Amino acid sequence: MTQTPQQAAPLRHFLQFTDLTRDEILYLLDRARIIKDDFKRYIPHLTLHDRTLAMVFEKASTRTRVSFEAGMYQLGGSVIHLTTNDSQLGRSEPIEDTARVVSRMVDLVMIRTFEQTRIERFASHSRVPVINGLTNEYHPCQILADIFTFIEHRGPIAGKTVAWIGDANNMSYTWLQAAEMLGFTLHVSTPPGYALDPARIGQPAPHVLKQFDDPAEACRGADLVTTDVWTSMGYEAENAERRAAFAGWRVDERLMSQANADAVFMHCLPAHRGEEVTAEVIDGPQSVVWDEAENRMHVQKALMEFLLIGKR
């Protein structure tokens with residue numbers, strides 16, 4: 001069954017969580033629920049029939065590629081996959097020129113790259129919506145999926161407590177943006193030397209952000225405990241140093257026992273069992289990482305639909 005293409009929405013980008021309003025984020029979370037329900041019941045949802053997504057990967061990924069590619073096909077559209085090895089992005093062409101050309105040929109662009117300024121430069125010269133599939137600074141699609149997953153399992157996230165254990169990375173900064181917008185508290189515990197940058201976070205209200213030297217204290221009373229690999233892509237040269245610094249920040253059963261009894265565990269994957277998380281936790285009854293991974297696809301479908309045709 002083919003659905004009639006819808007009117008294009010005004011040009012919007014999703015480069016960080018705060019590019020959308022609170023009401024728009026709540027709409028996407030509810031829309032993702034409807035889209036996922038259709039998917040589970042094998043009901044066609046072809047709202048982006050005949051639209052084309054270009055995926056640009058300057059950082060490799062499994063989940064980002066599969067979730068965007070499968071999601072776009074399920075919406076009735078098509079996908080073009082580009083890397084620095086098979087495009088001018090890895091050569092001498094300015095990213096502004098690539099944006100001017102690619103955005104004349106497709107309806108939507110997803111980019112997974114390094115510096116946030118790089119995706120901002122692309123977006124500023126694009127004629128179509130641009131989505132951040134990950135940068136060094138932010139990972140908004142992942143946090144959208146994580147919040148959707150929490151709501152599925154535990155209900156509204158407003159008023160809850162999320163404990164971030166590990167690095168002050170793109171995930172933790174995006175969690176902070178979400179906490180300020182959606183009204184939950186973020187507990188952060190990082191090793192010395194890896195704390196959130198005060199210049200980037202400003203002065204969040206005490207009920208929004210609480211920082212702890214002790215990861216067990218950060219987990220106390222949490223409704224969600226989450227972490228990430230100790231060495232993100234691009235920081236491989238620091239691997240040995242980070243393994244030593246982060247040894248006390250492994251999410252294990254002791255840390256999880258400090259959280260609320262019905263707390264869930266999340267990880268954006270890929271995970272290194274025995275490093276940032278133990279097998280007993282990630283494969284245990286409180287872990288929702290596999291739902292979390294699948295939900296990337298459903299929230300991104302809602303996001304792509306919204307950016308291209310607006311609210312339904």
Side-chain angles (χ1 to χ4, degrees), residues 14 16-34 36-37 138-166 168-190 195-196 200-228 251 255-268 277 281 284-289 291-296 298-299 302-303 306 311:
F14 189 55
Q16 53 183 298
F17 207 81
T18 52
D19 282 342
L20 300 182
T21 67
R22 177 181 180 275
D23 287 345
E24 288 168 339
I25 292 291
L26 293 176
Y27 164 80
L28 288 181
L29 294 168
D30 190 59
R31 185 66 177 162
R33 176 185 56 81
I34 294 169
K36 183 175 182 178
D37 184 61
Y138 299 109
H139 201 356
C141 290
Q142 182 64 58
I143 301 306
L144 197 60
D146 292 359
I147 292 169
F148 177 74
T149 305
F150 183 87
I151 292 170
E152 271 193 327
H153 285 268
R154 297 291 183 264
I157 199 168
K160 302 296 186 180
T161 297
V162 175
W164 174 264
I165 308 300
N169 64 1
N170 51 11
M171 289 284 291
S172 56
Y173 285 109
T174 311
W175 269 118
L176 179 55
Q177 290 185 329
E180 291 179 306
M181 182 181 293
L182 299 178
F184 60 89
T185 300
L186 180 65
H187 287 186
V188 173
S189 181
T190 62
L196 295 167
R200 285 189 60 185
I201 66 175
Q203 294 183 318
H207 68 276
V208 172
L209 174 65
K210 298 180 181 180
Q211 300 189 66
F212 299 84
D213 295 329
D214 182 352
E217 287 293 320
C219 290
R220 185 159 294 131
D223 302 287
L224 162 60
V225 177
T226 183
T227 190
D228 196 0
V251 179
L255 284 190
M256 288 300 297
S257 72
Q258 300 300 308
N260 289 337
D262 63 347
V264 295
F265 172 77
M266 292 189 194
H267 191 304
C268 61
V277 63
V281 170
Q286 291 176 280
S287 175
V288 294
V289 297
D291 289 339
E292 177 189 8
E294 176 189 338
N295 285 336
R296 278 284 299 277
H298 302 302
V299 297
L303 175 64
F306 173 74
K311 291 183 178 181

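Not measured: the values here are computed from a predicted model.
Thr149 is not listed as a side-chain neighbour of Val289, based on a closest heavy-atom distance of 4.5 Å or more. Put simply, the side chain of Ile157 does not reach to within 4.5 Å of the side chain of Asp223, judged on heavy atoms. Side-chain contact between Thr190 and Leu196 is absent, with no heavy atoms from C-beta onward closer than 4.5 Å. Side-chain atoms of Glu292 and Gln142, non-hydrogen and from C-beta on, do get closer than 4.5 Å to each other. Residues Val188 and Trp175 form no side-chain contact, since every pair of their non-hydrogen atoms from C-beta on lies 4.5 Å or further apart. In this structure, Thr226 and Val251 have side chains that are not in contact, with every pair of non-hydrogen atoms separated by 4.5 Å or more. Counting heavy atoms from C-beta on, the side chains of Phe150 and Met266 come closer than 4.5 Å.
For the pair Thr227 (side chain) and Gly166 (backbone), a donor-acceptor distance under 3.5 Å is absent. In this structure a side-chain-to-backbone donor-acceptor pair under 3.5 Å is missing from His187 to Ala163. In this structure a side-chain-to-backbone donor-acceptor pair under 3.5 Å is present from Thr185 to His207. Judged by distance alone, with hydrogens and angles left aside, the side-chain atoms of Gln286 form a donor-acceptor pair with the main-chain N or O of Ala263 at under 3.5 Å. At distances below 3.5 Å, not a single donor-acceptor pair connects side-chain atoms of Arg22 with backbone N or O atoms of Gly183. In this structure, the side chain of Glu217 does not engage the main chain of Phe212 through any donor-acceptor pair within 3.5 Å.
To the nearest 0.5 Å, atom CG of residue Asn260 and atom NZ of residue Lys160 are 8.0 Å apart. The distance from atom CG of Leu29 to atom CG of Leu144, rounded to the nearest 0.5 Å, is 5.5 Å. With rounding to the nearest 0.5 Å, the separation of CG in Leu20 from CE in Met181 is 7.0 Å. If you take CD1 on Ile143 and OH on Tyr138, they are separated by 12.5 Å, rounding to the nearest 0.5 Å. For the atom pair CG of Asn169 and CH2 of Trp164, the computed distance is 4.5 Å after rounding to the nearest 0.5 Å. Rounded to the nearest 0.5 angstrom, Ile25 CD1 and Leu28 CG are separated by 5.5 Å.
Shortest non-hydrogen contact noted between Ile151 and Pro156 is CG1-CA, 4.4 Å. Residue Val225 comes nearest to Ala259 through the heavy atom pair CG2-CB, 3.9 Å, listed as atom of the first residue, atom of the second, then distance. Residues Ile165 and Pro215 come closest through the heavy atom pair CD1-O, 3.8 Å. Considering all non-hydrogen atoms of both residues, Phe17 and Pro140 come closest at N-CB, 3.8 Å. Closest of all the heavy-atom pairs between Ala32 and Ala302 is N-CB, 3.8 Å.
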Next item on the list: Could you check Phe306 against Arg31 for side-chain contact (heavy atoms from CB on, under 4.5 Å), going step by step and ending with a plain yes or no?
Entry: CA-CA 9 Å; Phe306 173 74; Arg31 185 66 177 162; over 6 Å; no

Next item on the list: Check the pair Cys141 / Arg296 against side-chain contact (heavy atoms from CB on, under 4.5 Å), numbers first and verdict last.
Entry: CA-CA 7 Å; Cys141 290; Arg296 278 284 299 277; 4.2 Å; yes

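Just one of Val277, Val288, Leu224 meets the side chain to side chain contact (heavy atoms under 4.5 Å, CB included) condition when paired with Phe265; it is Val277.
Relative to the six-membered ring of Tyr27, Lys311 meets both conditions, a distance below 6.0 Å and an angle of at most 45° to the axis.
In the displayed structure, Asp214 atom CG is contacted under 6.0 Å by more than 12 heavy atoms of other residues, nucleotides or ligands.
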